Amino acid sequence: MSSDLSAIIESLLFTADSALSTDRICELLYEFDKNAVTAALAELAEYHSGRGGGFDLIEVAGGWQFRSRPTFHSYITRHIRAKASKFSQSSLETLAIIAYRQPVTRTDVEHLRGVDCGTVLKSLLEKKLVRIMGKKDIPGRPLIYGTSKEFLETFGLKDLKSLPTLKEIQALDEAPQYERQEELPLEQNMRKPLEGDLPFA
Amino acid sequence: MSSDLSAIIESLLFTADSALSTDRICELLYEFDKNAVTAALAELAEYHSGRGGGFDLIEVAGGWQFRSRPTFHSYITRHIRAKASKFSQSSLETLAIIAYRQPVTRTDVEHLRGVDCGTVLKSLLEKKLVRIMGKKDIPGRPLIYGTSKEFLETFGLKDLKSLPTLKEIQALDEAPQYERQEELPLEQNMRKPLEGDLPFA
Amino acid sequence: MPIGEPNHLLEEENLPLLDGFQEQYSVHLDKFEGPMDLLLHLIKKNELDIYDIPIAIITRQYLEFIKLMKYLNLEVAGDFLVMAATLLHIKSRQLLPLDEQEEVEEVELDPRAELVRRLLEYQQYREAGMLIGARALLGREVFVRSFPDPALAEAQNAEGPLEVSLFDLVDAFRVLLVRIPAEQFHDVAAAETLSIADCINEILSLLQERETVQFDELVSDDFTRERVIVTFLALLELCRLKLVRIFQGSEHGSIWFVPSVSRDPVSE
């Protein structure tokens, strides 16, 4: 009974996006006795500090919260440094323009996006997703950009031809095309079933 | 020594914002023996499941992650709002076909389901449960689809192999004649499944 | 609600086949996922052997069902009609006399074979879907930790390996083309003038709702040179007034802003 309450409190604290005060926990777990909740919290904190794991249940700023042990911060930050980065919308847009319109100049990209793309372009070059393909034969000889081998690898593409087109994505919204429905092979092209394969005795 | 390693691993997993693979953990904890890390992970998972707390350490999408126990969701949602909603039958059917037969084209899915799947497919793409894997090397070069890492994460699956096998699904049906089902040949022009990729026993 | 009260209407029509299952159907009408789902339902309901479907019975019931759908003003999807045609085709094949040669291969030429194969396979995936759907769902029954570790929160902008899908890329391009009309490509002059003061107020109100704001976000609704320049000048002014602090995760990473005095209301 008490251990059930402990587990429930643990699950609440584990998933909360901020520290939870004892009052708040009692409020949430209205069917449990307030004293029981308070006792369970103290027990839980003691239990976690006693077991010497990677995190503790501590009371901060009037609330309870699971926090990693400061001792291990040097390990934790190792992971953070190499964490996968979410692509910003501006990077994604720039990359999309280069992928679909290549070879393009920086001016082409900026015309489309309406903003300066120097920084984004540089970061894409550094990530090796984009490469310089040469210089365009127009006055000023601007650099022209295209996607790289790493780009294909990142997106799991065999070649640029495998890049889905806008049409193909838009086609998903279109009305079904019945002519594509495969004709049922009732006639001559039926393959012969193996013996005992089909149970139409 | 070993308990120190366990605590370090715990702190890493606890602070990570996504599941960490065993390889990744070994990479981060380069000063520790790989076998020791693997053993510590298994021990940790067992320890947490044994103690019956509010959360478990489980293997999901090829990595390890602390996750709350499903039993307590009614308490948790008192405090935080549930984000995901139930999937419709058509989404689930489409997901199942893609999961078991990947890589598949839209036509494959529609032939099996007997209905247009464009809208469902697009919504699955937007939810990132399904991904475009490229184009099929047949006339028309249609897009081919497969399930994503998010699919495994959302449904709490370790990998595609941990999906119930189609054999197991048949076993759920009481009718004995269904045993023959596995022998029914799939379409002749079906692509070959990648080795170890598909959850057929 | 046409589904609610079909019974008395149907009685008038006196469709003999509907007598048996109108009750059940009127409840489930909208729940069939397609013709395959409906066929499986009919087979199960009539306790038919899926390997030996009496095509005449099943076709009749199937057609009656479509009639019922039309009667109730439900939209009958084309897919249902395709299946109806398939069933009729199979039925007609069965009625045709077999010549001697064919008679020998009768078993193999059962016109129902392909349909049965599809039904069995569909049934398998339908059940697989139900099993998948019955799992505890992340974000519904299962939750992960959402409170970031202080060390993690500070390192939000660390640039590491890429995490983005192909669909994201195509979609970004699509959204971009939708957002930027063709005639705007070369036209940078905006119709109305944007004041730096307005922009400052906008940013401050954003920062009251949230802890951090990204530069890209500030200009994402309105991609014009003017907007970017005004936003930039507004931020410089805010910085000079020490109302915001500027961060950059890495050398060329995104630029972020945080209020320099957290939570304090801005004094006018």
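Quick caveat, the model's predicted, so the values are computed rather than measured. Note on naming: letters A, B, ... go to the chains in the order of the sequence lines (proteins, then strands), and numbering restarts at 1 for each one.
With sequence neighbours excluded, no residue forms a ring pair (Phe, Tyr, Trp, His ring centres under 6.0 Å) with A/Tyr75.
Here the CD1-OG distance, from A/Ile8 to B/Ser74, works out to 7.5 Å after rounding to the nearest 0.5 Å. Note: A/Leu28 CG to B/Ile76 CD1 = 11.5 Å, rounded to the nearest 0.5 Å. Taken from OG in A/Ser18 to CD1 in B/Ile80, the straight-line distance is 10.5 Å, to the nearest 0.5 Å. Between the CD1 atom of B/Ile132 and the CG atom of A/Leu163 there is a distance of 9.0 Å, given to the nearest 0.5 Å. To the nearest 0.5 Å, atom OG of residue A/Ser11 and atom NE2 of residue B/His73 are 11.0 Å apart.
Chain B forms more heavy-atom pairs under 4.5 Å with one residue of A/Pro164, A/Ala16, A/Gly156 than with any other, namely A/Pro164. For the set B/Leu12, B/Thr119, B/Leu143, the entry with the most heavy-atom pairs within less than 4.5 Å of chain A is B/Leu143.
When heavy atoms are compared at a cutoff of 4.5 Å, A/Phe66 approaches chain B by way of both its backbone and its side chain. Looking at A/Leu20, only its side chain comes within 4.5 Å of chain B, counting heavy atoms on both sides.
Pairs of residues two or more places apart, or lying in two chains, that qualify as salt bridge (charged side-chain N to carboxylate O under 4.0 Å, His left out) and include a residue from residues 48-64 of chain B are A/Glu10-B/Arg51, B/Asp56-B/Arg69, B/Glu59-B/Lys158.
Across all non-hydrogen atoms, the minimal contact from A/Leu29 to B/Arg78 is CA-NH1, 3.8 Å. Listed here is the closest heavy atom pair of A/Ala171 and B/Arg106: O-NH1, 3.1 Å. For the pair A/Lys161 and B/Lys135, the tightest heavy-atom approach, listed with the atom from each and the gap, is O-NZ, 3.2 Å. Scanning all heavy atoms of the two residues, the minimum distance from A/Gly52 to B/Ala7 falls at O-CB, 3.7 Å.
Relative orientation of the A/His48 and B/Phe55 rings is parallel, given thresholds of 30° and 60° on the angle between their planes.
For A/Glu46, the CD atom is loosely surrounded, since the number of other residues' heavy atoms within 6.0 Å does not exceed 12.
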